[in-house]
Amino acid sequence: MILFPNAKINIGLDVTHKRSDGYHELSTVMVPVPLYDILEIVDCGGNSGETFLFVSGNNVNCPTEKNLVFRAASLLREEYGFKNKIEIYLRKIIPDGAGMGGGSSDAAFTLKGINEILSLSIPDERLKEIASRIGADCPFFIKNVPQLAKGIGEKLTPIKIPELSGKNIIIIKPPQTISTKEAYSNIRPFIPEIDLGLLIQEPLNRWSGLIKNDFEEVIFKFHPALKEIKDELRDQGAIYGSMTGSGSAFYGIFPENTDNLTEKFKLKLPGDYKFYEGTLKF
């Protein structure tokens, strides 16, 4: 079985509360985007109870036992006791340290793929429970549709954003990476006056004045060069542009049929930047 785990972006991100256990509660809208890893899951049969993971593509500096894909397969095996030998081949394309949920997506698609290939018949709600033990973003990728996320990311409500479908998107990943620890250690939780779930229903051309990512202020303070990316998105005509998650990738949403986005940005942002573009479809 070959699957294509996709990345996500955050539209708005309000950090509202720091809990006593050290986790932060937030409010954000997560949207799937057309940037994909490649995941192959092979049921080798037998009863060895072994899982083997082979990773290629972008360098992943992570031992196998800590890789989210391996953890997902191991958790599912613990819960459902299947003995089949499983081989998993992962080709990494989604950049790490970008705030795009690549590892979480790989893990969620692993859960869904093994569920299907072994005919385990595990319902989505149960898969979401297992996914939440792997990472805060993982449950989102079980349904993999636009969703309003609250709590630490586990309280998910599907939402409709019809204005986004058909729009072009460009994603820009700078050479800098932002650690989640760095981002959260400098954030000040704050409850906004108007809930993001209401703001997202405003017309797309009004989002820039209403919807924000709390991490931008923090990240721009310590990495001022990153603000140039957001400024360039605006200058090139993005209807809305933002950093995604806790960074360091940025995205811009453009009208339908916008041509040559990557070439335009390569001229303005020379250096070791990575560019991805596509069309949003839900």
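If you read the sequence from its start, that first residue is 1, and numbering goes on from there.
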Side chains of [X] and [Y], heavy atoms from C-beta outward: is any pair under 4.5 Å?
X: Ile170; Y: Gln236; value: no
X: Pro32; Y: Phe140; value: yes
X: Tyr251; Y: Val33; value: no
X: Ile211; Y: Val29; value: no
X: Arg133; Y: Glu79; value: yes
X: Ile200; Y: Ile159; value: yes
X: Lys160; Y: Phe282; value: no
X: Ile114; Y: Tyr80; value: no

Point-to-point distance, once rounded to the nearest 0.5 Å, from [atom1] of [X] to [atom2] of [Y]:
X: Leu204; Y: Ile161; atom1: CG; atom2: CD1; answer: 9.5 Å
X: Arg91; Y: Asp37; atom1: CZ; atom2: CG; answer: 10.0 Å
X: Thr279; Y: Phe254; atom1: OG1; atom2: CZ; answer: 12.5 Å
X: Tyr276; Y: Ile171; atom1: OH; atom2: CD1; answer: 8.5 Å
X: Lys83; Y: Arg77; atom1: NZ; atom2: CZ; answer: 8.0 Å
X: Asn213; Y: Thr28; atom1: CG; atom2: OG1; answer: 7.0 Å

Does [X] have any salt bridge (charged side-chain N to carboxylate O under 4.0 Å, His left out) partners at least two apart in sequence or in another chain, and if so, which?
X: Glu163; answer: none
X: Glu154; answer: none
X: Lys274; answer: none

Taking atom [atom1] of [X] as the centre, does the number of heavy atoms from other residues, nucleotides or ligands within less than 6.0 Å exceed 12?
X: Glu217; atom1: CD; result: no
X: Asp21; atom1: CG; result: yes
X: Asn205; atom1: CG; result: yes
X: Glu40; atom1: CD; result: yes

Run the side-chain contact (heavy atoms from CB on, under 4.5 Å) check on Leu111 and Ile134 step by step: do they pass?
-> CA-CA 11 Å; Leu111 295 176; Ile134 301 168; 4.1 Å; yes
Could you walk me through whether Arg19 and Ile152 pass the side-chain contact (heavy atoms from CB on, under 4.5 Å) check?
-> CA-CA 10 Å; Arg19 308 190 324 185; Ile152 61 172; 3.8 Å; yes
What closest approach, in Å, do [X] and [Y] show between heavy atoms, and which atom pair accounts for it?
X: Asp96; Y: Thr177; answer: O-CG2, 4.3 Å
X: Leu267; Y: Pro270; answer: O-CD, 4.0 Å
X: Pro255; Y: Lys167; answer: CA-CD, 4.1 Å
X: Gly245; Y: Asn10; answer: N-OD1, 3.0 Å
X: Pro34; Y: Leu280; answer: CD-CD2, 4.1 Å
X: Phe215; Y: Met243; answer: CB-CE, 3.6 Å

For the pair Phe52 and Lys85, evaluate side-chain contact (heavy atoms from CB on, under 4.5 Å) and give the outcome as yes or no after the intermediate values.
-> CA-CA 8 Å; Phe52 295 92; Lys85 175 184 173 183; 3.7 Å; yes
Are [Y] and [X] connected into the same hydrophobic cluster when the rule is that any two of I, L, V, M, F, W, Y join if their side-chain heavy atoms are below 4.5 Å apart?
X: Ile169; Y: Phe265; value: no
X: Ile41; Y: Leu120; value: yes
X: Ile9; Y: Ile94; value: yes
X: Leu76; Y: Ile86; value: yes
X: Leu196; Y: Leu26; value: no

Is Glu277 salt-bridged to Lys264, going by a charged N under 4.0 Å from an acidic O?
->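 Looking at Glu277 and Lys264, the cut-off is not met.
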Between [X] and [Y], is any side-chain donor less than 3.5 angstrom from a side-chain acceptor?
X: Tyr89; Y: Glu87; value: yes
X: Asn6; Y: Asn144; value: yes
X: Asn168; Y: Thr258; value: no

Validation: residues 185-194 side-chain donor-acceptor distances under 3.5 Å, sequence neighbours left out:
| unit_1 | atom_1 | unit_2 | atom_2 | d |
| --- | --- | --- | --- | --- |
| Ser185 | OG | Lys181 | O | 3.1 |
| Ser185 | OG | Glu182 | O | 2.9 |
| Asn186 | ND2 | Glu182 | O | 2.9 |

Please assess Lys8 against Ser105 for the test side-chain contact (heavy atoms from CB on, under 4.5 Å), listing each intermediate value before the final yes or no.
-> CA-CA 8 Å; Lys8 60 83 180 169; Ser105 181; over 6 Å; no
If you draw the axis of the six-membered ring of Phe109, does the NZ or CZ of Lys112 fall within 45° of it and under 6.0 Å from the ring centre?
->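 The answer is yes; both the distance and angle limits are met.
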Name all residues meeting the side-chain contact (heavy atoms from CB on, under 4.5 Å) criterion together with Ala98; count only those two or more places apart in sequence or in a different chain, and write none if there are none.
->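 Here the qualifying residues are Pro95, Met100, Lys173, Ala249.
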Could you list the residues that satisfy side-chain contact (heavy atoms from CB on, under 4.5 Å) with Val145, not counting sequence neighbours?
->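 By the side-chain contact (heavy atoms from CB on, under 4.5 Å) rule, Val145 matches Lys143, Gln147, Pro158.
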Parallel under 30°, tilted from 30 to 60°, perpendicular over 60°: which one fits the rings of Tyr184 and His24?
->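 Tilted: the ring planes of Tyr184 and His24 meet at 30° to 60°.
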Without swapping roles, check the side chain of Asn115 against the backbone of Ser121 for a donor-acceptor pair under 3.5 Å.
->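 Looks like yes, one N/O pair under 3.5 Å.
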